[in-house]
Protein chains: 2
Amino acid sequence: MGEKIAAVLDRATSKPGDRSPTSACCSDGKPKPRDRIVATARDMFHQHGFRPVGVEAIAEAAGTNKMTLYRHFGSKDELIVECLKSVAAEAEAQWRVLEARHAGNPRAHLVAWVREAADCVLADGRGCSLANAAVELTEAHHPARRLVELCKSAYRDRMVGLCRSAGIAQAENLADALSLLLEGARVSRQSVGAEGPSAKFVRTAEAMIAAFASEEA
Amino acid sequence: MGEKIAAVLDRATSKPGDRSPTSACCSDGKPKPRDRIVATARDMFHQHGFRPVGVEAIAEAAGTNKMTLYRHFGSKDELIVECLKSVAAEAEAQWRVLEARHAGNPRAHLVAWVREAADCVLADGRGCSLANAAVELTEAHHPARRLVELCKSAYRDRMVGLCRSAGIAQAENLADALSLLLEGARVSRQSVGAEGPSAKFVRTAEAMIAAFASEEA
DNA sequence: CGGTTCTGTTACCGATCAGTAACAAGCCGG
DNA sequence: CCGGCTTGTTACTGATCGGTAACAGAACCG
């Protein structure tokens, strides 16, 4: 472990030579190539997976070219890592929004999380890019693997903290159970479709929360 | 759906010109090339994923060559499908063993399933090859996608049947919940490792079964 | 033995793709 | 207006990989 995710995620969007506070917005509405590339690659990787998407296709879809891409990212793997960082950062931002909205009411936060997670499952047929990366990028020392582990682990910590502050006695057990449910729903959605077991995610998660809540000593 | 899985799976190991009852065992212990190829490819695909494993590597690892491979399989995709069929057939066989062992005691069958599923999760770091295929093979009309959907759907039906015969009132809900847990445990095992949420699979699944069982009207 | 079927070997094609070189054009600050 | 930095363009390399052709040898069965 050792390394804090906060530090890793900080390096996600900001670069040493950063000038503008909005981080690379060419005064007109068009973002700078680097950000366009990350945003485009993130979508394409999410949609089609990592291996089948070529760097040339990414660059073209981002309205630029391969050469510019390689001036910002040393390799395709590096770009992948940057995309995953972007995904993780967005997820953390969403979490914070939810946290702020239900400040002081962790129980409401918990049920809101279930709803939002369900939306996330239903929204698109492809699950979590982080998990997908772990499935697809099997090389033991691929830089993405370490990041995925870090992010998932951090997410788990947040869930445990939320459950704990919601007064759940077995906070870790509930947090892990909910994590498994969500992860399962997302992958099940991909293999059997939206009509399969993933359709029961909300119902099951809510029942589980209720069961754990009624056990407070 | 229309097509029965039984029919699909039947085509898995048997071919039109099948002579020996043991299906391709060269009198000596060494299986015939076709079966060696399927077995080897199945392992390699499972370990490293589908895209990164080349047909040449498979053939060599199976103690044969690419040409012989292409005499038995029209394409790499076809080989992939055959491997997935083999995986599904093996899973179904294991299910039947469990079913026979706990014949007449579906409740014991259910808890045995949890244990075996947990072993399966812990055994190797890579999850279910079928689910992995759905994640990795994103082309909408890839032949493997249809098979995966079929198999997962069939597995779900078996689970529902088991829960029902175990006297669970909300059999479908429990079956889906357990499916989500297992699927989630397997993918979580890949992303965060064995110490993550997947470690709680048995505990959670058993608690869930108990909860559903106590609700019989 | 003779013929057929299955297998091994080698060499090859064509396509895709990550990554690089070299040069021209634009933008922006001083 | 000038000089540096970023971007665009084109062309290229080298490697990998799916799939095929053609021929030679082995096993099997009548």
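Here is the naming used below: chain letters follow the sequence lines, and residue numbers restart at 1 for every chain.
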- Task: List the steps, then state whether side-chain contact (heavy atoms from CB on, under 4.5 Å) holds for A/His72 with A/Lys32.
- Result: CA-CA 11 Å; A/His72 287 284; A/Lys32 298 195 89 177; over 6 Å; no

When rounded to whole Å, the NZ to P distance for the pair B/Lys32 and D/dA26 reads 18 Å

Between A/His72 and D/dT7, is there a side-chain N or O to OP1/OP2 distance below 4.0 Å? yes

Atom CG of B/Asn65 and atom P of D/dG18 are separated, to the nearest Å, by 15 Å

Rounded to whole Å, CZ of A/Phe73 lies from C1' of D/dT6 at a distance of 15 Å

| query | What about B/Lys76, does its side chain sit under 3.5 Å from the base of D/dG19 through a donor-acceptor pair? | reply | no

Closer than 4.0 angstrom, basic N to acidic O: yes or no for B/Lys66 and B/Glu60? no

A/Glu56 atom CD is separated from D/dA11 atom P, nearest whole Å, by 12 Å

B/Met67 CE to C/dT5 P, in whole Å, measures 17 Å

> Does A/Thr68 put a side-chain nitrogen or oxygen below 4.0 Å from OP1 or OP2 of D/dT6?
Replying inline: no

On DNA chain C, more 5' by nearest nucleotide between A/Phe50 and A/Arg71 is A/Phe50

Whole-Å distance, B/Tyr70 OH to C/dT10 C1', equals 17 Å

Check: Would you say the side chains of B/Ser129 and B/His46 form a donor-acceptor pair under 3.5 Å?
Finding: yes

When rounded to whole Å, the NZ to P distance for the pair B/Lys66 and D/dT16 reads 13 Å

From CG of B/Leu79 across to P of D/dC17 the rounded distance in Å is 15 Å

Checklist line | Geometric class of the B/Tyr155/B/Trp95 ring pair [parallel <30°, tilted 30-60°, perpendicular >60°] | finding: perpendicular

